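As the structure lists them, so they are numbered: ligands from 1, and atoms in each ligand from 1. Values in this document were obtained by computation on a predicted structure and should not be read as measured data.
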Amino acid sequence: MKTIYLDNAATSFPKPAGVSQRMKDYLDSVGATVNRSVYSSAQDAGLVLLTLRERLAKLFHFDDPTYVILTPGMTAGMNMVIKGFLKSGDHCLVSSMEHNAVMRPIQQLTECGISFDRIPCDREGFLDIDAIEGMIRPNTRLLVMAHGSNVSGTVQDAERVGKICAAHGIAFVLDAAQTAGHIDVDFYKFGLSALCVPGHKGLLGPGGIGAMLLRKDFAAQLTPLIAGGTGSASDSELLPSYMPDRFESGTPNMPGVYGWEAAMAFLDETGVENLHAHEMALTERFLNGLKDIDTVRLAGTWDLDRRVGVVSVDFKNIDNAEAAYRLETEYGILTRCGLHCAPSAHKSLDTFPQGTVRFAVGFASTEEDVDTALEAIRVIGA
Ligand SMILES: Cc1ncc(COP(=O)(O)O)c(C=O)c1O
């Protein structure tokens, strides 16, 4: 039986040709770390890291690659931003569609005198943007929002939210885990203070690496969570004040840097708009097919212009975990069932506590994959 990978919202698979080879080349033939030694292979490695920063800056229309901070991943970046920014007495706003990469750090901070409120979302997962202004308090300093939902694919209007934050002097942090590499994410148009992305989802790189892009005035207010060797300013026991070193202590994940740089080159050559067109054509096909199947309920929106290719369904006649198991064992279809680390999103979508079965197409998915998934849903759900 052929395997059909439809779990791209968890992590993209396969990776573009060349990604694994580049990681192997680094491990077999380069081996050097960056910022520490001056021999030529170390210089080459430094150039690859710089190219990666430049590619990320270009993709997000960001002007200064030195403010592109490499992180050990999306979750690490979110923790650095949330915990490095909020102080006792601060209030923070989040959407009701957040992933636990946002909610768990914030919940931890409630033990240190920080409070938060959830901006309501409708049953399709769209934020009630008109409610934001009424929820802002004198001590509200931060708004954190998932751009695209990892449960339903619902995409929020980041530009409108950014304008409200700017008008009230509130920092705006975007979790672009499900949109980066899928749709255009424009740092300045959205009025962002910080943008966090993982390397391994729509940006098609390996796991264990991500990035946070920081606006200068926001970076100046951020306390680095991790302190250590940077290979620079080694005469001092204090962290350097300059970027990116201030936020990049410790030896970086160089195999990850090489692999991600290769993936970003693929994205640059292919074009996010082309990847988007492919994924949305498949999503349209999938949603059209789902309209004829009344044994499942779609969680989220049917509106193709306001979503990405993450499609969650709730099986009405059988348990979602059993459906996911049968999808794999009977059809070779790999999905993810349950609550997807986002209980708040499932509550908004009215799929809590049963969760959903999530299908997420990627650049390598085909019409045949979608048709097989539809046929499987039809048979299993009956
Ligand atoms: C919306 C969203 N935010 C954050 C994360 C966390 O990403 P990672 O597990 O790669 O750190 C994910 C991953 O599933 C996600 O979908």
Side-chain angles (χ1 to χ4, degrees), residues 5-13 15 56 69-83 94-108 118-119 121 125-127 143-156 158 161 172-183 185 190 192 194-213 225-226 253 256 259-260 263 279 299-300 306-312 334-349 351 355-362:
Y5 186 80
L6 290 177
D7 199 17
N8 286 282
T11 195
S12 54
F13 182 80
K15 304 299 178 188
L56 287 162
I69 310 299
L70 271 293
T71 64
M74 171 81 204
T75 300
M78 246 332 151
N79 273 263
M80 288 179 190
V81 165
I82 292 170
K83 294 179 178 168
V94 293
S95 88
S96 304
M97 291 295 287
E98 295 311 302
H99 188 277
N100 275 342
V102 169
M103 293 317 304
R104 287 185 174 170
I106 289 180
Q107 289 285 6
Q108 277 187 318
R118 290 177 220 264
I119 308 160
C121 291
F126 291 113
L127 194 69
L143 190 153
V144 190
M145 184 178 81
H147 191 202
S149 165
N150 66 307
V151 177
S152 60
T154 308
V155 174
Q156 310 295 355
V161 176
F172 180 28
V173 174
L174 196 70
D175 167 349
Q178 297 297 339
T179 50
H182 297 289
I183 57 174
V185 175
F190 293 172
L192 300 183
L195 169 68
C196 294
V197 294
H200 68 106
K201 297 186 193 264
L203 298 178
L204 305 176
I209 190 164
M212 58 178 187
L213 283 68
L225 275 199
I226 310 289
N253 170 4
W260 197 11
E279 289 168 5
R306 299 174 78 197
R307 59 150 39 256
V308 285
V310 179
V311 178
S312 254
L334 308 186
T335 59
R336 180 166 168 208
C337 69
L339 293 169
H340 312 95
C341 301
S344 179
H346 278 282
K347 284 177 186 163
S348 300
L349 298 163
T351 46
T356 53
V357 181
R358 183 182 69 186
F359 301 78
V361 294

| request: Anything with a heavy atom under 4.0 Å from ligand 1 counts, so go ahead and list those protein residues by chain and number. | output: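 Around ligand 1, where the cutoff is 4.0 Å for heavy atoms, the contacting residues are Met74, Thr75, His99, Ala101, Asn150, Asp175, Ala177, Gln178, Pro198, His200, Lys201.
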Would you find a donor on one side and an acceptor on the other, under 3.5 Å apart, between the side chain of [X] and the backbone of [Y]?
X      : Y      : result
Arg104 : Gln107 : no
Ser12  : Gly202 : no
Thr11  : His200 : yes

| said: Which label fits Phe13 and Tyr5: parallel for a plane angle under 30°, tilted from 30 to 60°, or perpendicular past 60°? | reply: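 The arrangement is perpendicular - the two ring planes meet at more than 60°.
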| query | When Val151 is tested against each of Ser348, Cys341, Ser312 for side-chain contact (heavy atoms from CB on, under 4.5 Å), which residue passes? | reply |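 Exactly one option meets the side-chain contact (heavy atoms from CB on, under 4.5 Å) with Val151, and it is Ser312.
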| query | Could you state the interatomic distance from OG (Ser95) to CG (Leu143), rounded to the nearest 0.5 Å? | reply |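 That separation rounds to 8.5 Å.
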